[in-house]
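These notes are about the structure you will find just below.
Quick note: residue numbers are just sequence positions, from 1. Values below: every heavy atom of this structure, side chains too, minus hydrogens, waters and symmetry copies.
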Amino acid sequence: MIKTVDRLLDHLTMYRLVLYYLMALLGAALVLSAAGLVPHDPVELAFTAGLVLAAGWIANRVFARIFEVPANSESVYVTAMILALILDPVAATDFKGIGAVAFASVWAISSKYILAVGRKHLFNPAALGVALTALLLDRPATWWVGGNAWLLPFVLVGGVLLVRKLRRLDLVATFFGVALVTILATTGPSQYGSALRETFSSSPLLFFAFVMLTEPLTAPTTRWPRIAFAGIVGFLFAPNIHIGSFYFTPELALLAGNLFAYAVGPKGRFVLTLERIEQTAVDSYDFIFRSQRKLAFQAGQYLEWTLGLDRSDNRGNRRYFTVASSPTEQSVRLGVKFYPRSSAFKQALGTMKLGGTIHASQLAGDFTLPSDPGIKIAFLAGGIGITPFRSMLRYLIDRKEARPIVVLYGTESQEDIAYREVLGEARRELGIRTFHAVAKGALRGQYPGYIDARLVRLTMPDYLERTFYISGPQAMVKALRQKLLAMGVRRSRIKVDYFPGFA
């Protein structure tokens with residue numbers, strides 16, 4: 001069952017999954033309101049949803065043109081549906097209410113452009129929109145989607161799928177834990193039962209955690225800052241937390257957390273200009289960009305890449321890719337494999353002309369070299385999954401830093417082997433050996449077939465002493481992880497290259 005779910009999730013980008021989740025919630029709310037199970041008029045609910053979509057879409061187009069950045073319609077739809085689910089619906093005759101909803105929508109979208117430093121927005125857009133509406137127009141968000149028992153199963157099931165997709169259980173669990181402990185600590189013992197019932201059945205706790213807290217653009221990108229962020233927001237989320245007569249609302253708790261995330265996270269968005277394209281293997285190419293300012297990152301991390309598309313497909317115009325270049329290199333290298341039926345994003349990337357630009361942001365990832373150079377490491381790569389290892393090896397070569405590393409590189413054929421020069425240089429300069437597992441047409445000295453337990457034992461008798469890094473297609477990563485566990489490798493010694501939005 002879990003494997004089936006994971007296969008389904010692997011074919012959806014993170015943004016598209018959030019969009020489908022919100023669409024399902026809004027659809028369920030419309031049906032339940034028509035049946036009298038949600039205390040809102042279905043016509044007003046539909047009108048409000050249309051209003052926030054229209055206001056947000058227009059604002060996004062206007063600001064994208066002013067700031068000369070790619071317009072992202074998918075992001076608009078996500079923000080609009082969040083607002084439709086947390087603001088009280090308004091009637092077509094309620095002009096004051098219409099103004100407040102439109103105000104929230106426009107400010108939510110405009111915050112991505114106006115309240116940005118280095119083209120990176122500071123605050124969760126929906127949270128900022130409703131906070132300003134409450135402050136300036138006295139129309140606070142009611143978060144009604146989280147206070148209805150009939151909608152709770154939809155919130156819960158979709159939210160669990162989203163957390164599974166994002167691999168953000170640490171974030172959500174920390175938030176839940178801190179929020180619940182704070183609620184109980186500020187409640188009398190005789191009221192514990194009612195406080196917990198109200199928290200889970202009549203508060204926005206679940207929807208807030210699944211949708212708002214996990215938004216990647218305004219949350220920390222590495223593990224410990226992410227957990228601290230969840231703790232801060234969880235503490236402020238508790239309804240009894242206040243400073244004098246000032247009480248925090250869910251959106252204000254999140255905005256405070258966003259400030260922390262910005263303080264500890266990478267800054268800014270980069271506009272990269274295409275310098276050249278290199279073919280690295282059959283159907284695989286490196287797009288090499290120059291940046292106006294130095295990109296500070298660790299070897300093995302990834303970026304979110306955004307292209308302006310005239311016509312997008314169901315995967316949107318944003319992708320997460322590992323940075324294939326090393327921090328020691330001047331240019332930024334993006335390694336991509338093209339398939340016969342590539343997405344609209346890859347099609348646009350493949351037709352980029354020299355001098356064309358792409359936007360990069362959201363630097364993230366813990367798939368990086370350990371700080372201790374003496375730790376024994378094994379790199380297990382499949383296909384284009386060699387890109388983070390190319391970054392790490394180039395980094396070590398340039399720094400002349402030898403480490404006890406063994407590389408196992410699995411490909412379908414000889415033509416699929418990428419970065420031969422870097423792998424050869426790592427062997428000559430640092431003594432880092434690469435063993436090729438070739439499924440079809442293996443040559444002498446290569447392992448016929450795929451990476452398996454036998455190859456691991458043959459190439460590294462000390463495998464139980466090593467930390468394994470696995471990167472490649474998700475099916476391969478999961479299979480190798482299970483094989484290593486069965487061989488006795490501890491979970492703490494297995495790192496997998498995962499980033500949200502894989503599809």
Side-chain angles (χ1 to χ4, degrees), residues 2-3 6 10 167 169-170 222-224 298-302 320 322-324 326 335 364-397 401-412 416-419 422-423 426-427 430-439 446-499 502:
I2 293 178
K3 290 182 178 179
D6 283 341
D10 284 345
R167 306 294 197 271
L169 182 59
D170 57 350
T222 51
R223 179 176 173 80
W224 293 113
Q298 295 183 62
Q301 290 190 303
Y302 61 84
Y320 287 94
T322 300
V323 181
S326 161
D366 298 310
F367 196 74
T368 55
L369 289 165
S371 57
D372 183 355
I375 292 177
K376 293 182 178 181
I377 301 171
F379 290 163
L380 276 55
I384 198 62
I386 192 68
T387 51
F389 301 134
R390 190 268 177 202
S391 174
M392 296 178 193
L393 292 174
R394 182 76 264 169
Y395 175 77
L396 295 175
I397 292 167
E401 183 179 328
R403 292 203 184 197
I405 297 173
V406 175
V407 182
L408 304 187
Y409 184 11
T411 56
E412 285 293 322
D416 291 306
I417 298 175
Y419 305 126
V422 173
L423 295 173
R427 180 168 183 168
L430 304 178
I432 297 175
R433 299 183 65 191
T434 297
F435 297 90
H436 293 277
V438 182
Q446 296 177 339
Y447 188 75
Y450 299 101
I451 299 173
D452 57 17
R454 180 171 178 268
L455 180 60
V456 171
R457 291 190 175 98
L458 283 173
T459 55
M460 51 189 100
D462 58 351
Y463 70 89
L464 289 176
E465 301 172 15
R466 291 185 178 268
T467 296
F468 285 81
Y469 286 65
I470 314 174
S471 175
Q474 288 296 294
M476 183 211 97
V477 171
K478 293 172 185 175
L480 283 179
R481 185 173 184 274
Q482 291 304 314
K483 284 184 173 67
L484 291 173
L485 291 172
M487 293 169 65
V489 178
R490 289 182 296 179
R491 291 181 184 273
S492 60
R493 288 185 177 270
I494 302 174
K495 295 174 69 74
V496 298
D497 188 20
Y498 179 85
F499 39 86
F502 175 84

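Interatomic distance, T222 OG1 to D366 CG, rounded to the nearest 0.5 Å: 6.0 Å. To the nearest 0.5 Å, the span separating CD1 on I470 from CZ on F389 amounts to 8.5 Å. Note that CD1 of I451 is 4.5 Å distant from CG of L380, once rounded to the nearest 0.5 Å. Put simply, CD1 on I417 and OG1 on T434 are 10.0 Å apart, with the number rounded to the nearest 0.5 Å. Going from atom OG1 of T467 over to atom CD1 of I375 covers 5.5 Å, rounded to the nearest 0.5 Å. The structure places CG of L408 at 11.0 Å from CZ of R433, a figure rounded to the nearest 0.5 Å.
The side-chain heavy atoms of L369 and I377, taken from C-beta on, include a pair separated by under 4.5 Å. T411 places none of its side-chain heavy atoms less than 4.5 Å from the side chain of H436.
With S391 contributing its side chain and A299 its backbone, the two residues share no donor-acceptor pair below 3.5 Å.
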Which donor-acceptor pairs under 3.5 Å do the side chains of residues 454-463 make with protein atoms, sequence neighbours left out?
{"unit_1": "R454", "atom_1": "NH1", "unit_2": "Y447", "atom_2": "OH", "d": "3.4"}
{"unit_1": "T459", "atom_1": "OG1", "unit_2": "L455", "atom_2": "O", "d": "2.7"}
{"unit_1": "T459", "atom_1": "OG1", "unit_2": "V456", "atom_2": "O", "d": "3.4"}
{"unit_1": "D462", "atom_1": "OD1", "unit_2": "R466", "atom_2": "NE", "d": "3.1"}
{"unit_1": "D462", "atom_1": "OD2", "unit_2": "K376", "atom_2": "NZ", "d": "3.0"}
{"unit_1": "D462", "atom_1": "OD2", "unit_2": "R466", "atom_2": "NH2", "d": "3.4"}
{"unit_1": "Y463", "atom_1": "OH", "unit_2": "M487", "atom_2": "O", "d": "3.4"}

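Under the side-chain contact (heavy atoms from CB on, under 4.5 Å) criterion, A426 pairs with L393, I397, I432, sequence neighbours left out.
Relative ring orientation between Y469 and F379 is described as perpendicular, the plane-to-plane angle rising above 60° on a 0-90° scale split at 30° and 60°.
Taking both residues in full, the closest heavy atoms of R403 and D372 are given as NH1-O, 3.8 Å, listed atom of the first, atom of the second, then distance. The shortest non-hydrogen separation linking D497 to S471 is OD2-OG, 3.3 Å. Residues E401 and P373 share a closest heavy-atom pair of OE2-CB, 4.0 Å. Contact detail for P404 and G374: the closest heavy-atom pair is CG-O, 3.8 Å. Across all their heavy atoms, Y395 and S326 have their closest contact at CA-OG, 3.2 Å. Minimum interatomic distance between A418 and Y409 (heavy atoms only, all atoms of both residues): N-OH, 3.0 Å.
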Which is it for I405 and L396 under the side-chain contact (heavy atoms from CB on, under 4.5 Å) test, yes or no, and what are the steps along the way?
-> CA-CA 11 Å; I405 297 173; L396 295 175; 3.6 Å; yes

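Under the side-chain hydrogen bond (donor to acceptor under 3.5 Å, both in side chains) criterion, no residue pair touches residues 479-496, with sequence neighbours excluded.
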